[in-house]
Each structure stands twice: as C-alpha cells, then as structure tokens.
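Being a predicted model, the structure only gives us computed values, none of them experimental.
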Amino acid sequence: MKQQSMNNRTDAANGLRRRDGISLVEILVAVVMLTVAVGGLLGSSAAVANQMGGGVRQTVAAGVAQARLDSLTSLSCAQLAAGAATGNSTTRGVRESWTVTDGRNIKTIAVLINIPRRTKTLVYSMVIPCRD
C-alpha cells in the first residue's frame, strides 16, 4: 500500500495524472474525423463514376460516328448525291445527324453527334474523292 501511494505522489509531482479511459470529447472528435474522411471518399468516388460514365458515352458516340461514316463511304458518289445527303438517327441514346456536301470531284461527309449530359456537339468529318 505504501508503494502505491508513493508512486501516486511521484506521478503528481511530475505533472502526470492517471487516466482510466477515453473521454466523451475524444470519441466525438474521432467520429467527426471519420465522418469527414468517409464523406471525402464518397465525393471522389461519385466523381470517378461520373467520369467513367462519360468515357463510355463518348466511346459509344465514336462508334456510332464511325459506323455512319463507314456506311456512307461505301456508297458511290451518285448514290450519295441522290438519297443520303442528310439524315438523323438515335442509337443507344446518342443522337446523330449527317450531311453530305457536294464539291468538285469530292463529297464531304459531316456527322454531328450529341451525347446526353454534354453541351458541346462533336463533329466528325470525312472527304471522299469521286472517281465514278
């Protein structure tokens, strides 16, 4: 018993106190810090998911434009002038419109792509020579 009281006096003299547990304030601070950290992770994961979705939409748009350009370039210049001069279509939520402009011995094909949740229209164009 004397030893314990002696240790308590020595600790008190050194400015140390005995602590039996964690205080309520420490728990609240830890919970607030954890909440802020989890909130930051959720915010950044939502941004990453949104960017990945945008990449998927742009990949679909590029595929739609490429398919349209391929289908139009497979036609002869006479067929392009006759029936495929303009048009529009929607594929997998991507709206496309195209125009064929007649030039001297060339045809210029322009495909305009509108992607959902994107304000800027993408324009793909191609010039094909007319030899027929």
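Shown here for Trp98 and Leu72, the closest heavy-atom pair between the two residues is CD1-CD1, 3.6 Å. Thr91 and Ser89 make their closest contact through OG1-OG, 4.0 Å (heavy atoms, listed as atom of the first residue, atom of the second, distance).
A distance of 9.0 Å separates CD1 in Ile115 from OG1 in Thr59, rounded to the nearest 0.5 Å. Atom CG of Asp70 is separated from atom CD1 of Ile109 by 10.0 Å, given to the nearest 0.5 angstrom. From Asn105, atom CG reaches atom SG of Cys77 across 8.5 Å, with rounding to the nearest 0.5 Å.
Legend: residues meeting salt bridge (Lys or Arg N to Asp or Glu O under 4.0 Å) with Arg68, ordered by chain and number and at least two apart, are Glu96.
Within the structure, side chain to side chain donor-acceptor pair (under 3.5 Å) contacts touching residues 106-115 (residues at least two apart or in different chains) are Asp102-Lys107, Asn114-Thr121.
Ser76 contributes a side-chain N or O that, together with a main-chain N or O of Gln79, makes up a donor-acceptor pair within less than 3.5 Å.
Counting heavy atoms from C-beta on, the side chains of Ile113 and Tyr124 come closer than 4.5 Å. Two residues are said to be in side-chain contact when any heavy atoms from C-beta on lie closer than 4.5 Å; Leu122 and Leu112 fail this criterion. Two residues are said to be in side-chain contact when any heavy atoms from C-beta on lie closer than 4.5 Å; Leu69 and Val111 meet this criterion.
Within 6.0 Å of atom CZ in Arg57, more than 12 heavy atoms from other residues, nucleotides or ligands are found, so the atom counts as buried in its surroundings.
Hydrophobic clustering of Ile, Leu, Val, Met, Phe, Trp and Tyr side chains at less than 4.5 Å, counting indirect connections, unites Met126 with Leu75.
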